[in-house]
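By convention in this document, chain letters (A, B, ...) are assigned in the order of the sequence lines, proteins followed by strands, and residues within each chain are numbered from 1.
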2 protein chains.
Amino acid sequence: MAAALGLSVATISRVLARPEMVKPETRKRVMKAIETMGYRPNFLAQALARSETRLAFFIVPILSPFFLDVMDGVEQAAQEDGYFVLMANARRDLQRIQTFYEQVAARRADGVLLLTGLLPPSLIPPKAVWPPTIIVAEPIDDPRGITVAVDHAEAAHIALRHLCGLGHKKIVHIGGPLRTLSSRERRRGFEEALRDAGLPFSPKLVIEGNFDVETGEKAIVTFFENGIEPTAVFAANDEIALGAIRGAHRLGLRVPDDISIVGFDNQHFLEAFEPGLTTVNIPRFDIGYQAMKRLVRKIANDKDVSSLRLPTELIVRETTAPPRIGKKTQKKPM
Amino acid sequence: MAAALGLSVATISRVLARPEMVKPETRKRVMKAIETMGYRPNFLAQALARSETRLAFFIVPILSPFFLDVMDGVEQAAQEDGYFVLMANARRDLQRIQTFYEQVAARRADGVLLLTGLLPPSLIPPKAVWPPTIIVAEPIDDPRGITVAVDHAEAAHIALRHLCGLGHKKIVHIGGPLRTLSSRERRRGFEEALRDAGLPFSPKLVIEGNFDVETGEKAIVTFFENGIEPTAVFAANDEIALGAIRGAHRLGLRVPDDISIVGFDNQHFLEAFEPGLTTVNIPRFDIGYQAMKRLVRKIANDKDVSSLRLPTELIVRETTAPPRIGKKTQKKPM
DNA sequence: TTGTATGCGTTATCAT
DNA sequence: ATGATAACGCATACAA
């Protein structure tokens, strides 16, 4: 190309890759030619020669605002390291995840950020070879899975400490589908925290559902039908919590006067809500950022990239207060 | 590679690209070898030889749930045509958009889906060469820009017809930033529809702000401070509408009894809201799907891909009703 | 129907 | 410090 101007292609390549190896004089000459000719190295050729795509798959089970924030962090980190992110929507189909992994094998991308705890079949066997992979936002029990996430059980503890600190004794949990480890962990945290507070646990205090508004709305009604009459609810995510608020209203209960509700995630759309939902914040951007940083190291064959747990934080807003009936503890929340 | 088994690489290449050109017998032989050896064509080599990446940039000014739904449609179409989508977050920086365009010049992607009306500097000059580009969800006035979007002015008409049909006479508009053409079109539609209904227009009936809750909340207060006292509000998006509801509550107004409010977008998080917001639906998934389909054709050098306008639809929920004071028209809405 | 040979635009290894 | 040249793995025009 620019070699037509006296030099060989090798020299051109060098001024771009290792400028110090070339005589300053010719370097400038080449630089100028690059400038005037508007030369850009062909990325495909580079990729083939180096055998790297500088692409990472971002595999989600479904598109959601939660993943969007994670993606934001991923994109930021990717940009810093010269990577781009490939959106891969599995649409709840494990088979499609498999397909994405085959794409990696076909040199379509260098690694994958897996936003789900369910592994594709090909990764399950003990001697299966894993392409560079980071499990994101979801815990996993396979020891080969490097993960970046929060401690869901601990987050549940944080929420429960707040509720107990307010003096609540009748606390229930509305959880997500138990097939996900994160749901199980939140539930476990709920159970542990109850015991830590000297409160009795019973399976009747927990209802499992989906991560949606409807689940929360129905669950709250079910509790009262079953004679449970909680004064506080720990929901497995914000949608469920919002549903619980709606259900409470439907029963003629005021929030937080008659019943306190704590959510999980601290999603952006909560800003538009009244009353402001007390919830547990998950650092979604940071999770994405750290995950991508680790993936880059993994791709570079760094042997000691380890899992990472990011801290959660309670965001106290307006849906929690001391219980109306029973002794109103004056301990500060937390 | 598999050529080590009797044949030449060309044959292998052929069974994958044009199977009919090869003798059924050898075809099977090759297929089986491919199967057993777990052979996958190296995508980078293919890409270099064909000079195509099968990648499309999805350039957004900022990550938002709105774009997420568009992305969903894009991803669907991309998958159908063997493309992948590169997430490119410009972070409100025009310079970054420019950078993404340079990446496609460097053969990093084949085309771009531009989710903003602002063009990067390099595309502005009349003789500038445009790489395959589809402008998505945002209208643009450059004739070179093929766009897939809705007719914002018409959508405003739809909303206003509903309000007028209910008997409202004092209708105001809370708009988004006027630097975007879509905001200007919605505002224009508002103005036109008012005149169509024989209602007087005045600049005082419009407040410009950002696409957020705060804008809506402040605006509603401002209207009353200015003595406007509207009975209905047409908001430029759902967040503004939600803010308007909040502002109305703050003023002691009930929705829809004292004031009707119409949003724009019909975002998913509305499902969690009470009262249900009446709003104009934008077919986000379809927009993305059609845009990507068109981009593929554009990349294939199809000369006659044209712009597309998708229809909007009014979603009547609970925030609109006839005005309390004044004659209550009994015409059916719409 | 199949093989040969060249090109795609870099990087990297030897030479010089 | 620079040039020549062989990979990189496939597609394709041309031969056979």
Side-chain angles (χ1 to χ4, degrees), chain A residues 1-35 37-55 82-84 102-110 131 299-301, chain B residues 1-35 37-55 82-84 102-110 131 299-301:
Chain A
M1 289 297 112
L5 300 134
L7 314 168
S8 82
V9 292
T11 309
I12 310 293
S13 178
R14 274 190 280 257
V15 315
L16 260 33
R18 274 181 285 279
E20 70 281 0
M21 282 186 66
V22 64
K23 185 159 58 180
E25 186 179 336
T26 49
R27 190 195 311 167
K28 272 179 202 154
R29 204 152 62 89
V30 174
M31 296 287 241
K32 201 166 71 183
I34 286 178
E35 188 70 26
M37 301 181 62
Y39 167 82
R40 314 202 156 286
N42 181 315
F43 193 85
L44 288 174
Q46 281 187 348
L48 179 60
R50 295 186 181 147
S51 192
E52 66 168 14
T53 64
R54 302 239 118 196
L55 251 33
Y83 276 79
F84 278 102
E102 281 163 15
Q103 294 285 342
V104 177
R107 308 269 43 191
R108 184 91 216 228
D110 296 338
I299 290 170
N301 217 358
Chain B
M1 288 296 113
L5 300 134
L7 315 167
S8 82
V9 291
T11 310
I12 311 293
S13 178
R14 275 189 278 258
V15 315
L16 262 33
R18 273 181 284 280
E20 69 282 1
M21 283 185 65
V22 63
K23 185 161 58 179
E25 186 180 337
T26 50
R27 191 196 310 167
K28 272 179 202 157
R29 203 152 63 89
V30 173
M31 295 288 241
K32 200 166 72 181
I34 285 179
E35 187 69 26
M37 299 180 64
Y39 167 81
R40 315 202 155 286
N42 182 316
F43 191 85
L44 289 175
Q46 279 188 351
L48 179 60
R50 297 205 251 239
S51 193
E52 67 169 12
T53 64
R54 303 239 117 195
L55 253 31
Y83 276 77
F84 278 103
E102 281 162 16
Q103 293 286 340
V104 2
R107 307 272 43 195
R108 186 88 216 229
D110 297 337
I299 289 171
N301 217 1

Q: Verify, without hydrogens or angle tests, whether A:Arg107 (side chain) and A:Thr53 (backbone) share a donor-acceptor contact under 3.5 angstrom.
A: no
Q: Might you point out which heavy atoms bring B:Leu16 and B:Pro41 nearest each other, and give the distance in Å?
A: CD2-CG, 4.1 Å
Q: Would you check if B:Tyr83 and B:Asp110 make a side-chain contact, meaning some heavy-atom pair closer than 4.5 Å?
A: yes
Q: Just the rounded figure in Å: distance from P of C:dG3 to CZ of B:Arg14.
A: 8 Å
Q: Expressed as a whole number of angstroms, how long is the span from B:Gln46:CD to D:dG9:P?
A: 13 Å
Q: Across the strands shown, which category fits A:Arg107 at heavy-atom distances under 4.0 angstrom: base, sugar-phosphate, nothing?
A: nothing
Q: Kindly say whether, by distance alone, the side chain of B:Arg40 makes a donor-acceptor pair under 3.5 Å with the base of D:dG9?
A: no
Q: Could you check whether A:Arg27 gets within reach of a base, just the sugar-phosphate, or nothing at all, counting any heavy atom under 4.0 Å?
A: nothing
Q: So what does A:Ser51 touch, heavy atoms closer than 4.0 Å: a base, only the sugar-phosphate, or nothing?
A: nothing
Q: Closer to the 5' end of DNA chain C via nearest nucleotide, is it B:Ala10 or B:Ala45?
A: B:Ala10
Q: Do B:Arg27 side-chain atoms and B:Pro19 backbone N/O form a donor-acceptor pair below 3.5 Å?
A: yes
Q: Using atom CD1 of B:Ile12 as one end and atom C1' of D:dA11 as the other, report the distance to the nearest whole Å.
A: 14 Å
Q: Whole-Å distance between D:dG9 C1' and B:Asn42 CG?
A: 6 Å
Q: Any heavy-atom pair between the side chains of A:Leu55 and A:Glu52 that's under 4.5 Å?
A: no
Q: Could you check how far CZ of B:Arg50 sits from P of C:dG7, rounded to whole Å?
A: 20 Å
Q: In this structure, how many angstroms lie between the C1' atom of C:dT11 and the CZ atom of A:Arg18, rounded?
A: 9 Å
Q: Is A:Thr26 close enough to D:dA1 that one of its side-chain N or O atoms is under 4.0 Å from OP1 or OP2 there?
A: no
Q: Using a heavy-atom cut-off of 4.0 Å across all strands, would you classify B:Ser13 as base, sugar-phosphate, or nothing?
A: base
Q: Measure CD/B:Glu52 against P/D:dC10 and give the value in whole Å, please.
A: 15 Å
Q: I want to confirm an ordering. Mapping B:Phe43 and A:Met21 to their closest nucleotides on DNA chain D, which one lands closer to the 5' end?
A: A:Met21
Q: Could you give the CG-to-C1' distance, from B:Leu48 to C:dT6, as a whole number of Å?
A: 13 Å
Q: Given D:dC8, D:dG3, D:dT5, identify the nucleotide with an atom nearest to the side chain of A:Ala49.
A: D:dC8
